[in-house]
Amino acid sequence: MNIRKPEVLAPAGDWERFQFALQYGADAIYLGGKQFTMRAAPANFTAEQLAAAVQLAHAKGVKVYLTCNTLPHNADLPQFLPYLREMAETGIDAVIVADLGLLALIRKALPDLEIHMSTQMGIVNYETANALYDLGVKRVVLARELSLEEIAEIRAKTPADLELEAFVHGAMCVSFSGRCLLSAYLTGRDANQGACAQPCRWKYRLMEETRPGQYFPVEEHDEGTYIMNAKDLCMIDHIPELLAAGVDSLKLEGRAKSSYYVAVVTNAYRSAVDAYLQQPEGFVLPEWIREEVYKVSHRGYCTGFFFGKPEAGQRYTDNSYDRSFDVIAIADDWRDGMLYVTQRNRFFAEDTVELLAPEQQPISIPLNGNLFDETGERITVANHAMMACAFPCPVAVPKGTIVRKRAE
C-alpha cells in the first residue's frame, strides 16, 4: 500500500516552545512575529530570533511557516511589506495570510515566497481552493467546519500540487466576524447561506437530565455563562481517515499554550502517524499514544465537524481545563545510570515520575527515596525553583526530555 506521509505541523509561541516542537518530532512549525499575527499574547519572534529558529529547523529538515493572518486595516498596510521583507530574509519556507489584498501584495513584491491561505479565509469548497491556487497559493488551510467527506471532494476537484492543511487538535472557536456557527449547530439553518435563525437572540433555559420538565434560567453573573464553551478538537484516533480524505498537513492548534502542551501533543501525533505508516493494514492506535493527549490541559475532546454535525461538542459546566500531569523537571544529562535534571515544579523523593522522551512510550520510574541534590546529598524534596538534582534512571534519555508526575 502506497500511503503519503503527512506533515505534522506544530505551533510555537516563543523560543522554548519552538525547541520542544523541534525536539518532539514536528515536520514543520508555524509561528508569529511581532506584527500581523492572530496570537498576540505569546512572546512570538523578532527577526533575529526567527533567523536562528529557521537555521536550527532547516538543519533538522524541518520547515518554518510565518503567520501573517490578521485582517489589516488601511493604516496597517504601509507597514506590511517592509515587515515581511525583513522576515522573509530569514529563510522562512512560507507565509500564512488570510487577506486577499496581502496575497496580491506578496505576489508582486515577493514572488518566490510560498503562500498558505489561512483558515481565517473560510475555505469550504473546491471553487475557492481552485481560485486561490490560480492566484499563486501553494496551500489552503481548510475551514474547521468541513467534514471528511467534503475534504475528500475538495481533494478530488483541485490540482494535485495544491496542498490541503486541516486543524486536527486543539481549541475550537464558535465564530469569526459574521461567520457564526450557532444557527447551523442548533437548528440546521446555516447563517453563512442566508438562513440564520438568530439563536443568539433567544432566551435560554436549561433542563437537567434527571429533572424532566424543570427548567433553569441561564443567567449572566460575575463569572459569565458557558453555553458557547466548545470542547477541544482531537483526531488522534482518526489518522487513517484524515489521510484517506487527502489531508496533507495535520495542524495542531496551540501557539498560546505551554511548552509542555506543545511537546506532548506533537509527540503524540508524530508517534501516531509513524505507527500508522509502519503498519497501515488493520491499524490500531497504540493505547499509550491515545493516553498522551489526556495528559495535557484540555477542555474535554470531540471530533469537531469531521464526521458531520458535532455531537456533545460543548462543555456547559465550566470553562476550566482538565489536567492530570505536571512537569516537574527537564533532563540535562544521563550518565552512569543517573539522570541529572533541572527542577521546574516541586516533587518528592517518594514520587513516581514519568519520562517523556521524543517518539517513545513514556517510562515510569518510582524514585523510592532516591533523590539527590547537586552535591550528591540525599534529599526528600526538590522544592527550590530551577534547582539541580538527580535520581537513578535505568535507561539513557536525551537532554531536554520532560520529567512529569501526576498532578497533586
Side-chain angles (χ1 to χ4, degrees), residues 38-39 41 119-120 122-125 142-151 166-238 241 252-254 256-258 261 265 290-291 293-326 406-408:
M38 285 293 291
R39 292 291 183 269
T119 191
Q120 300 295 124
I123 302 162
V124 296
N125 63 69
L142 298 171
R144 304 187 201 205
E145 299 79 56
L146 291 175
S147 67
L148 288 169
E149 184 178 355
E150 290 173 300
I151 293 173
F167 278 94
V168 300
H169 194 95
M172 296 278 284
C173 181
V174 73
S175 68
F176 163 69
S177 190
R179 303 176 188 177
C180 185
L181 307 178
L182 199 58
S183 180
Y185 188 93
L186 293 178
T187 72
R189 291 171 55 179
D190 193 338
N192 300 314
Q193 296 182 25
C196 184
Q198 299 194 28
C200 58
R201 316 292 186 188
W202 299 351
K203 182 178 181 180
Y204 289 93
R205 290 177 179 268
L206 298 180
M207 184 174 68
E208 203 274 330
E209 182 179 8
T210 63
R211 297 175 176 85
Q214 295 185 40
Y215 295 91
F216 305 91
V218 178
E219 298 175 341
E220 184 69 29
H221 53 80
D222 290 344
E223 295 181 0
T225 59
Y226 307 109
I227 196 167
M228 298 184 194
N229 184 40
K231 291 181 179 179
D232 287 349
L233 175 65
C234 179
M235 289 292 284
I236 195 73
D237 280 299
H238 303 289
E241 295 97 318
L252 313 175
E253 183 275 338
K257 293 183 178 176
S258 69
Y261 168 93
V265 174
R290 180 182 296 105
E291 290 175 355
V293 297
Y294 289 89
K295 294 180 180 180
V296 297
S297 292
H298 63 285
R299 299 181 183 92
Y301 287 126
C302 69
T303 54
F305 290 81
F306 281 111
F307 297 96
K309 178 183 174 182
E311 299 295 337
Q314 302 298 112
R315 178 167 178 155
Y316 299 116
T317 53
D318 55 54
N319 65 352
S320 63
Y321 289 85
D322 297 326
R323 180 175 61 88
S324 58
F325 275 78
D326 289 325
R406 288 200 173 275
E408 297 177 356

For residues Glu150 and Phe305, determine if any side-chain heavy atom of one lies less than 4.5 Å from a side-chain heavy atom of the other. no
Ala171 and Asp232 have their tightest heavy-atom pair at CA-OD1, 3.6 Å
Does Thr119 use its side chain to pair, donor to acceptor, with the backbone of Leu142 at less than 3.5 Å? yes
Please check if the distance between the ring centroids of Tyr261 and His298 is under 6.0 Å. no
If you take all heavy atoms of Val124 and Ala143, which pair is closest and at what distance? CG1-CB, 3.5 Å
Could you pull out the closest heavy-atom pair between Arg211 and Met207, with the gap in Å? O-CG, 3.8 Å
Can you check whether Leu233 reaches Glu253 side chain to side chain, under 4.5 Å on heavy atoms? no
How far apart are the closest heavy atoms of Arg299 and Lys231, and which atoms are they? O-CG, 3.8 Å
Nearest-0.5 Å distance, CD1 of residue Ile236 to CZ of residue Arg290: 9.0 Å
Atom CD of residue position Glu291 - does it have more than 12 heavy atoms of other residues, nucleotides or ligands inside 6.0 Å? yes
Check whether any side-chain heavy atom of Met235 sits under 4.5 Å from a side-chain heavy atom of Phe306, and report yes or no. yes
So which heavy atom on Leu186 is nearest to which on Pro199, and how close? CD1-CB, 4.0 Å
How far does CD of Glu149 sit from CD of Glu241, to the nearest 0.5 angstrom? 13.5 Å
On a heavy-atom basis, which atom in Ala407 and which in Arg323 lie closest, and how many Å separate them? CB-NH1, 3.7 Å
